[in-house]
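As the structure is a computational prediction, the values presented were derived from the model and not from experiment. Each residue takes its place number in the sequence, starting with 1.
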Amino acid sequence: MKPVLLVLNLQVPAHLLQMAQAFPDFEVIYAPEADQAEAAIAEHGARVQCVCTIGATGLSAAQMQRMPELALVCAMGAGYENIDVSHAVAHGIAVGNGVGTNDECVADHAMGLLIAAVRGIVKLDKATRAGVWRSAMPLPANVSGKRLGIVGLGTIGAKIAKRAAAFDMPIGYHNRKPKESVSYPYFDSLLELAAWADVLLVATPGGAGTRHLIDAEVLSALGEKGVLVNIARGSVVDTRALAEAVRTGRLAGAGLDVYESEPQPPQELIDLDAVVLTPHVGGWSPEAVQNSVDRFIANMRNHLDGKPLVSPI
């Protein structure tokens, strides 16, 4: 029987076919739902050699232990927060990701959320459809000239900064340490960055180390005219604190592509028209998804050929 390539994340038929054609010696088993994954591992675990997943779905140590021939785990996106990397490395399992494959798409989406939240575009759309004219509404704020604080100036954060610079937005950032390659002001304190910024944009990795990094104290520092944008992971923002800040007027609004309750909508936020929500599609476009599939295939091909992964973790 053929070895198995187990695919745990959502794919369109054309991409599953592309994988099957790229690796004809493998049986491709598609199991994007948790119950399907459990059934697939129970039935085919002994033959699984490669796993394709995403950071949100991940692959646990317990799952890996049920796949004794497992040699490669790849996340299609940049995130890998729910892959037990330490267990994989300890057991000689290569781990890769799709870093860089959807950066442009995420940066585009981040700017869209920023503009929509600052300008109130969703509210304006609803009002227009209801027959309300501009003279009956408050003036929407400028985007240009607003101070943008970026939490996590990695590759995506840098691309967002490049786009924001075209809007004449002064840029500051907070990282674990300053980056020598950029000239933007560095804030070693997240609270100081939030107090300085008009818009606080979260582009930091997810995981336990950043859980609720954006809490009530940070939101209070951002202030009543401030806007929060999150295209990172929902776990980074304390949803209840955000809802309370917007509801009480201590924060002007937010634009979120990610939230803690995924895939369910954040109940605390859905009635707040100052919050713009999208369903974690920041990295989704035909171009970005194709790039991710191509990267996975390249990583797996290199692994099978005994070469280093294109993008190892």
Task: Side-chain donor or acceptor of Thr53 paired with backbone N/O of Leu59 under 3.5 Å - done: no
TODO: Would you tell me whether Asp84 and Gln63 have side-chain atoms, one donor and one acceptor, within less than 3.5 Å of each other?
DONE: no
Open item on the list: I need the Leu213 CG to Thr204 OG1 distance, nearest 0.5 Å.
Closed with: 6.5 Å
Open item on the list: Quick check for you: to the nearest 0.5 Å, what is the distance between Ser261 atom OG and Leu269 atom CG?
Closed with: 8.0 Å
Open item on the list: So, taking the atom named CD1 in Ile156 and the one named NE2 in His109, what distance separates them when rounded to the nearest 0.5 Å?
Closed with: 12.5 Å
TODO: Consider only side-chain heavy atoms of I, L, V, M, F, W and Y, link residues closer than 4.5 Å, and tell whether Leu114 and Leu251 are in one cluster.
DONE: no
TODO: Mark yes or no for whether Thr101, through its side chain, and Gly98, through its backbone, hold a donor-acceptor pair below 3.5 Å.
DONE: yes
- [ ] Give a yes or no on whether Val118 and Val246 share a hydrophobic cluster (residues Ile, Leu, Val, Met, Phe, Trp, Tyr; joining criterion: side-chain heavy atoms under 4.5 Å apart).
- [x] no
TODO: Verify, without hydrogens or angle tests, whether Asn97 (side chain) and Ala78 (backbone) share a donor-acceptor contact under 3.5 angstrom.
DONE: yes
Task: Asp188 side, atom CG; Lys177 side, atom NZ - distance, nearest 0.5 Å - done: 14.5 Å
TODO: Step by step, work out the side chain to side chain donor-acceptor pair (under 3.5 Å) result for His91 and Gln65.
DONE: CA-CA 10 Å; His91 291 80; Gln65 289 167 355; 5.7 Å; no
Task: Non-hydrogen atoms of Phe26 and Gln49 that approach each other most closely - done: CZ-OE1, 3.8 Å
Open item on the list: Within the structure provided, determine whether Tyr259 and Val237 are in side-chain contact (heavy-atom separation under 4.5 Å).
Closed with: no
Task: His15 and Gln290 side chains, donor-acceptor separation under 3.5 Å - done: yes
Task: Worked verdict on Met67 versus Ile41 for side-chain contact (heavy atoms from CB on, under 4.5 Å) - done: CA-CA 7 Å; Met67 296 180 275; Ile41 293 172; 4.3 Å; yes
Open item on the list: Has Asn299 got a side-chain atom pairing as donor or acceptor with Pro312's backbone, closer than 3.5 angstrom?
Closed with: no
Open item on the list: Minimum heavy-atom separation for Arg233 and Gly79, please, with both atom names.
Closed with: NH2-CA, 3.5 Å
- [ ] Apply side-chain contact (heavy atoms from CB on, under 4.5 Å) to the pair Val151 and Leu193, showing each step before the final yes or no.
- [x] CA-CA 9 Å; Val151 185; Leu193 176 66; 4.1 Å; yes
TODO: For residues Lys123 and Met137, determine if any side-chain heavy atom of one lies less than 4.5 Å from a side-chain heavy atom of the other.
DONE: no
Open item on the list: Under 4.5 Å between side-chain heavy atoms, counting indirect links through other Ile/Leu/Val/Met/Phe/Trp/Tyr residues: same cluster for Val48 and Met300 or not?
Closed with: no
Open item on the list: For Glu224, is the CD atom crowded, meaning more than 12 foreign heavy atoms sit under 6.0 Å from it?
Closed with: no
- [ ] Taking Asp257 for its side chain and Ile231 for its backbone only, find out whether a donor-acceptor pair lies under 3.5 Å.
- [x] no
Open item on the list: Do Val202 and Val281 sit in one hydrophobic cluster, given that two such residues count as connected whenever their side-chain heavy atoms are within less than 4.5 Å of each other, even indirectly?
Closed with: no
Task: Check: Arg211 and Val236 side chains under 4.5 Å, non-hydrogen atoms - done: no
Task: Test item: Glu260 side-chain N/O and Asp238 main-chain N/O as donor-acceptor pair under 3.5 Å - done: no
Open item on the list: How about CH2 on Trp284, more than 12 heavy atoms from neighbouring residues, nucleotides or ligands closer than 6.0 Å, or not?
Closed with: no
Open item on the list: I'd like to check His87 versus Met64 (side-chain heavy atoms, cut-off strictly below 4.5 Å). Are they in contact?
Closed with: yes
TODO: Would you indicate whether Glu217, at its atom CD, is surrounded by more than 12 heavy atoms from other residues, nucleotides or ligands within a distance under 6.0 Å?
DONE: no
Open item on the list: Give me the atom names and distance for the closest heavy-atom approach of Asp215 to His212.
Closed with: CB-O, 3.7 Å
Open item on the list: Less than 6.0 angstrom separating the ring centers of Tyr186 and Tyr173, yes or no?
Closed with: yes
Task: Under 3.5 Å: donor-acceptor pair, side chain of Gln36, backbone of Glu33 - done: yes
Open item on the list: Check whether Asp198 reaches the backbone of Gly226 with its side chain - one donor and one acceptor, N or O, closer than 3.5 Å.
Closed with: no
TODO: Could you walk me through whether Glu287 and Cys105 pass side-chain contact (heavy atoms from CB on, under 4.5 Å), step by step?
DONE: CA-CA 8 Å; Glu287 300 88 348; Cys105 187; over 6 Å; no
Open item on the list: Would you say CZ of Phe296 has more than 12 non-hydrogen atoms from neighbouring residues, nucleotides or ligands within 6.0 angstrom?
Closed with: yes
Task: Test salt bridge (Lys or Arg N to Asp or Glu O under 4.0 Å) applied to Arg247 and Glu268, step by step - done: CA-CA 10 Å; Arg247 204 176 297 278; Glu268 302 96 326; over 6 Å; no
- [ ] Compare all side-chain heavy atoms of Leu219 with those of Leu242 and state whether any distance is below 4.5 angstrom.
- [x] yes
Task: Rounded distance [0.5 Å steps], CZ in Arg147 versus CD1 in Ile171 - done: 13.0 Å
Task: Residues, nucleotides or ligands: over 12 heavy atoms within 6.0 Å of Lys179 NZ - done: yes
- [ ] State whether Glu104 and Arg163 are salt-bridged, where the test is any N-O pair (Lys NZ or Arg NE/NH1/NH2 against Asp/Glu carboxylate O) under 4.0 Å.
- [x] yes
Task: Nearest heavy atoms of Ala241 and Ala216, plus distance in Å - done: CB-N, 3.8 Å
- [ ] Starting from the C-alpha separation in whole Å, work towards a yes-or-no answer on side-chain contact (heavy atoms from CB on, under 4.5 Å) for Val73 and Tyr80.
- [x] CA-CA 10 Å; Val73 181; Tyr80 53 89; over 6 Å; no
TODO: Please round to the nearest 0.5 Å and tell me the distance separating atom CD1 of Ile150 and atom NZ of Lys159.
DONE: 13.0 Å
- [ ] Determine, using the 4.5 Å side-chain heavy-atom cutoff (strictly less than), whether Phe167 and Leu153 are members of one ILVMFWY cluster.
- [x] yes
- [ ] Please go through Val310's hydrophobic cluster and name the other residues, only I, L, V, M, F, W, Y counting, with side-chain heavy atoms under 4.5 Å joining them.
- [x] none
Task: Flag if over 12 foreign heavy atoms under 6.0 Å of CZ, Arg66 - done: yes
Open item on the list: Under a 3.5 Å distance rule, please check whether Arg295 uses its side chain to pair with a backbone N or O of Val99 as donor and acceptor.
Closed with: yes
- [ ] Could you tell me whether Asp168 and Lys146 make a salt bridge, using a distance below 4.0 angstrom between a side-chain N and a carboxylate O?
- [x] no
Task: Heavy-atom closest pair, residues Gly96 and Ile313 - done: O-CD1, 3.6 Å
Task: pair Trp196-Pro170: side-chain heavy atoms closer than 4.5 Å - done: yes
Open item on the list: Give me the atom names and distance for the closest heavy-atom approach of Asn102 to Ala288.
Closed with: CB-CB, 3.6 Å
Do any side-chain atoms of residues 2-13 form donor-acceptor pairs under 3.5 angstrom with protein atoms, and if so which ones, sequence neighbours left out?
unit_1	atom_1	unit_2	atom_2	d
Lys2	NZ	Pro24	O	2.9

Open item on the list: Can you confirm whether Leu191 sits close enough to Val218 that some side-chain heavy atom of one is under 4.5 Å from a side-chain heavy atom of the other?
Closed with: yes
Open item on the list: Check whether Asn142 reaches the backbone of Gly145 with its side chain - one donor and one acceptor, N or O, closer than 3.5 Å.
Closed with: no
Open item on the list: Any non-hydrogen side-chain atom of Asp294 less than 4.5 Å from a side-chain atom of Gln18?
Closed with: yes
